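Read the structure below first, then the notes.
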Amino acid sequence: MNALISLHHSVFSRLDRADWLLPTLARLAFLAVLFVYYWNSALLKIDDSIFTPSSGAFGQIFPKAAEAVLWNVEEMTFFQRLVIFAGTVTEFVLPVLIVIGLFSRLAALGTIGFIIVQTVVDVTGHGAKLGTWFDTSIALIDERTLWVFLLLVIVIKGAGPLSLDRLLGGRIAPADVD
């Protein structure tokens, strides 16, 4: 039994000191799970360029307004165009910053804010069911909670040693790594 306890202590005390592991794995998980999701979502929002929003973007972000004008992008207000542009830029830029590890904490915070806005639009505009925690069904709130938790790891721990934040010599993130 002492040998098992000693082995347990040896393995997990090393993990306790491996400050680089958690933020690196969080960024890798983000790349594997959410990067392509956000990139594809951003691509759906543009027609010819980032300055020409698609009818899909109009319907995605302002579903009731888009339906009222039959998804005619010419009927969008300046405010709606601005929101769509900001959302599209956000979906392109923030995931890239997280993956390359540049301004990672701010990018993760911005993505958390985006997830909150995205969830509000899904529930109020598209009629998605938010669901509840601690029930037996997987709902929107469960999925988005996991996304936010993953991003909170980056907010709290930074990007890790394999990042541009660290490469810039600690000017963006502390350079102390075990």
Side-chain angles (χ1 to χ4, degrees), residues 12 15 18-47 50 53-73 75-77 79-160 163:
F12 290 106
L15 284 177
D19 288 338
W20 63 271
L21 185 60
L22 191 58
T24 303
L25 289 176
R27 285 181 38 241
L28 183 60
F30 178 87
L31 175 63
V33 176
L34 291 174
F35 180 82
V36 173
Y37 168 84
Y38 281 117
W39 195 265
N40 287 337
S41 179
L43 288 174
L44 290 173
K45 289 181 175 64
I46 58 176
D47 273 339
I50 198 164
S54 69
S55 60
F58 191 20
Q60 210 177 21
I61 298 175
F62 297 104
K64 293 174 183 168
E67 188 175 331
V69 296
L70 303 174
W71 291 271
N72 181 358
V73 294
E75 298 291 325
M76 279 191 282
T77 66
F79 174 75
Q80 290 167 335
R81 287 180 181 278
L82 189 62
V83 169
I84 291 169
F85 177 76
T88 304
V89 169
T90 297
E91 285 185 314
F92 277 128
V93 173
L94 294 183
V96 169
L97 291 176
I98 290 169
V99 169
I100 66 174
L102 181 63
F103 302 111
S104 304
R105 288 180 161 138
L106 290 175
L109 273 174
T111 305
I112 290 169
F114 189 84
I115 289 169
I116 292 166
V117 170
Q118 176 185 7
T119 303
V120 169
V121 169
D122 287 345
V123 171
T124 61
H126 296 285
K129 301 292 181 212
L130 187 59
T132 59
W133 284 321
F134 309 113
D135 61 7
T136 58
S137 65
I138 303 298
L140 190 63
I141 195 168
D142 300 317
E143 174 185 90
R144 304 288 165 86
T145 299
L146 289 173
W147 295 3
V148 168
F149 179 78
L150 176 65
L151 291 161
L152 281 173
V153 169
I154 297 168
V155 170
I156 294 165
K157 299 295 257 175
S163 66

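In what follows, every heavy atom counts, from backbone to side chain, and hydrogens, waters and symmetry copies are set aside. All figures in this text were calculated on a predicted structure; none of them were measured in a lab.
Using a 4.5 Å cut-off on side-chain heavy atoms (C-beta onward), W147 and I112 make no contact. Contact annotation: the side chain of W39 approaches that of V96 to within less than 4.5 Å [non-hydrogen atoms, C-beta and beyond]. The shortest side-chain heavy-atom distance between V89 and F85 falls under the 4.5 Å cut-off. Looking at heavy atoms from C-beta onward, I98 lies in side-chain contact with L151 at the 4.5 angstrom threshold. With a 4.5 Å cut-off on side-chain heavy atoms, L31 and R27 do not count as touching. Within the 4.5 Å cutoff, the side chain of L152 has heavy atoms near those of the V148 side chain. In this structure, the side chains of T111 and I115 come closer than 4.5 Å at one or more pairs of heavy atoms.
Closest approach of P95 to F35, counting heavy atoms only: CB-CD1, 3.6 Å. Here the shortest heavy-atom pairing between K64 and G125 reads CE-O, 4.3 Å. Scanning all heavy atoms of the two residues, the minimum distance from R81 to V73 falls at NH2-O, 2.9 Å. Here the closest non-hydrogen pair linking G158 and R105 is N-NH2, 3.2 Å. Shown here for I61 and V121, the closest heavy-atom pair between the two residues is O-CG1, 3.8 Å. A pairwise comparison of heavy atoms in A159 and G101 identifies CB-CA, 4.0 Å as the closest pair.
When each of I46, V83, I84, T88 is checked for a side-chain contact (heavy atoms from CB on, under 4.5 Å) with P53, only I84 meets the rule.
The aromatic rings of Y38 and F30 lie parallel to each other, with less than 30° between the two planes, well short of the 60° mark.
Atom CZ in R144 sits 11.0 Å away from atom CD1 in I116 (nearest 0.5 Å). To the nearest 0.5 Å, atom NZ of residue K157 and atom CD1 of residue I154 are 12.5 Å apart. For the atom pair OG of S104 and CG of L97, the computed distance is 7.5 Å after rounding to the nearest 0.5 Å. Between atom CD of residue Q60 and atom OG of residue S41 there is a gap of 4.5 Å, rounded to the nearest 0.5 Å. Distance check: T24 OG1 to L28 CG gives 9.0 Å after rounding to the nearest 0.5 Å.
Counted within 6.0 Å of OH on Y37, heavy atoms from surrounding residues, nucleotides or ligands total more than 12; the atom is thus considered enclosed.
Of the possible donor and acceptor atoms, one in the side chain of S54 sits under 3.5 Å from a partner among the backbone N and O of L44.
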